[in-house]
Amino acid sequence: MNGRRSEKLFGYTLLVLGALLALYPFLSIVLLSLTPQGARTSGISLPSSITFDNFIEAWTRGAFGQALWSSLVVVVGVVVGASIVSILAGYAFSTMRFPLRGLLLGILLIGLIMPYEGIIVPLYYLLDGMGLLNTYWALILPQIATSISLGVLWMRTAYSNVPGSLAEAASIDGSSRWGTLWRVYFPISLPAIATLGTLLFLYTWNEFLMALVLVPQNPDVQTAPLALSFFAGSTRNFDPAVTAAAAVTVALPILIVYIIFQRRFITGVVAGAVKE
């Protein structure tokens, strides 16, 4: 009993230390964003007074309203597009037998190890030739393509956990492959789909390199991370409190989405990691 208590205490201590290390930078930025301009602060020391003027100034000077809207448009397009393709392809790879199935899956999964730096230059010239640079499509289409490798693997694993007897029963009842997908597989895989959507949301919202290279000349489609980079790099925005407020503004949607879908996210991860 004493040994188990010691193990639990040691585990909880590590978790607390890890949480403190993870939260320290975030709390520092939040407290700095609430500090009046010109006031000096360091670490997680509480400011003498709290103000939201930094957020107002950052929102006004950085035009983050349009940037957040652009990020939302890109995120919705990528999550919806990649999820649809992943659901269909994952269902096909897990339930159907066709020639070169393993080879096609292997080629598709190369995207999991392909770095953005290796494709960004060819991608730039490809989109330039198509006339899509500095448009929403320049961000949506490539990120759908780079997301489906993870999505197909994720949904293939989820559908592989569905008992084959359910599909056989649906087939005996006269259900087509489409009907089996939407009436049997889709409802069962909703936690996995929600988790995949959350992951794609986080990845897409934080994407910076593609936005920097593909839409640098059109402020109307620049995403929030790119707008934050331009705002922080401007010589006019030298006050760190205002810059911190801008960073909190950009990170807040991610925090809200994770808090809302935290339970379903963890459930989907665990369900995808354990094959019954």
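Please read all numbers here as calculations on a predicted model, not as lab measurements. Numbers here simply count residues along the sequence, with the first being 1.
- Here the side chain of Ser71 pairs a donor or acceptor atom with the backbone of Ala224 at under 3.5 angstrom.
- In the hydrophobic cluster analysis, where Ile, Leu, Val, Met, Phe, Trp and Tyr join through side-chain heavy atoms closer than 4.5 angstrom, Leu17 is grouped apart from Tyr12.
- For Leu153 against Thr157, the heavy-atom pair with the smallest separation is O-OG1, 2.9 Å.
- Here the straight-line distance linking atom OG of Ser147 with atom CD1 of Ile140 works out to 11.5 Å at 0.5 Å rounding.
- From Leu88, atom CG reaches atom CD1 of Ile84 across 7.5 Å, with rounding to the nearest 0.5 Å.
- Residues that satisfy the side-chain contact (heavy atoms from CB on, under 4.5 Å) test with Ala211, not counting sequence neighbours, are Leu139, Val215, Thr223, Leu226.
- Gln222 places a side-chain N or O within 3.5 Å of a backbone atom of Pro216 that can act as its donor or acceptor partner.
- By the 4.5 Å heavy-atom criterion applied to side chains, Val242 and Phe231 are counted as neighbours.
- Applying the ring pair (Phe, Tyr, Trp, His ring centres under 6.0 Å) test to Tyr185 and every residue at least two apart in sequence or in another chain returns Tyr91, Tyr159.
- A donor-acceptor distance shorter than 3.5 angstrom exists from the side chain of Thr35 to the backbone of Leu31, with no hydrogens or angles considered.
- Side-chain atoms of Val121 and Val213, non-hydrogen and from C-beta on, never get closer than 4.5 Å to each other.
- Residues Trp154 and Ile87 have side chains not in contact (no heavy-atom distance under 4.5 Å, counting atoms from C-beta outward).
- With a 4.5 Å cut-off on side-chain heavy atoms, Asn218 and Thr135 do not count as touching.
- The closest donor-acceptor contact from the side chain of Ser33 to the backbone of Val30 lies under 3.5 Å.
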Give the intermediate values and the outcome of side-chain contact (heavy atoms from CB on, under 4.5 Å) for residues Ile119 and Thr146. CA-CA 10 Å; Ile119 64 173; Thr146 56; 4.0 Å; yes
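- Contact annotation: the side chain of Leu34 never approaches that of Asn54 to less than 4.5 Å [non-hydrogen atoms, C-beta and beyond].
- Residues satisfying the side chain to side chain donor-acceptor pair (under 3.5 Å) test with Ser70, not counting sequence neighbours, are Gln66, Tyr136.
- Connection of Leu14 to Leu21 is not established within any shared hydrophobic cluster, with ILVMFWY side chains joined at heavy-atom distances below 4.5 Å, either directly or through further cluster members.
- Of the inter-residue distances, the one linking Ser86 atom OG with Ile193 atom CD1 reads 9.5 Å to the nearest 0.5 angstrom.
- Pro253 and Trp205 get closest at one heavy-atom pair: CG-CZ2, 3.5 Å.
- Taking CE of Met210 as the reference point, atom OG1 of Thr204 lies at 9.5 Å (rounded to 0.5 Å).
- The two residues Gln217 and Pro219 make their nearest non-hydrogen contact at O-CD, 3.7 Å.
- Legend: residues meeting side-chain contact (heavy atoms from CB on, under 4.5 Å) with Leu141, ordered by chain and number and at least two apart, are Leu132, Trp137.
- Following chains of ILVMFWY side-chain contacts shorter than 4.5 Å, one cannot reach Phe10 starting from Val16, and the two form parts of different hydrophobic clusters.
- Qualifying ring pair (Phe, Tyr, Trp, His ring centres under 6.0 Å) partners for Tyr203, counting only residues two or more places apart in sequence or in other chains: none.
- Tested against Leu72 for a side chain to side chain contact (heavy atoms under 4.5 Å, CB included), the candidates Val76, Val74, Leu68 yield a single pass: Val76.
- Contact record, Ala22 with Pro25: O-CD, 3.5 Å, taken as the closest heavy-atom pair.
- Formation of a donor-acceptor pair under 3.5 Å by the Asp128 side chain with backbone atoms of Tyr124 is not found in this model.
- The nearest pair of heavy atoms linking Phe55 to Thr249 is CD2-OG1, 3.6 Å.
- Annotation: the span from Leu27 atom CG to Leu32 atom CG amounts to 12.5 Å, rounded to 0.5 Å.
- Leu103 meets the side-chain contact (heavy atoms from CB on, under 4.5 Å) test with Leu100, Ile107; sequence neighbours excluded.
- At a threshold of 4.5 Å between side-chain heavy atoms, the hydrophobic network of Ile, Leu, Val, Met, Phe, Trp and Tyr places Val78 and Leu209 in one connected group.
- The hydrophobic clustering, which links ILVMFWY residues whose side-chain heavy atoms are closer than 4.5 Å, places Leu108 and Met96 together.
- The CG atom of Leu133 sits 6.5 Å away from atom CG of Leu214, with the distance rounded to the nearest 0.5 Å.
- The main-chain N or O of Glu57 is never found under 3.5 Å from a side-chain atom of Thr60 such that the two would form a donor-acceptor pair.
- More than 12 heavy atoms of other shown residues, nucleotides or ligands fall within 6.0 angstrom of atom CH2 in Trp182.
- In terms of heavy atoms, Leu200 sits closest to Ser83 at CD1-OG, 4.1 Å.
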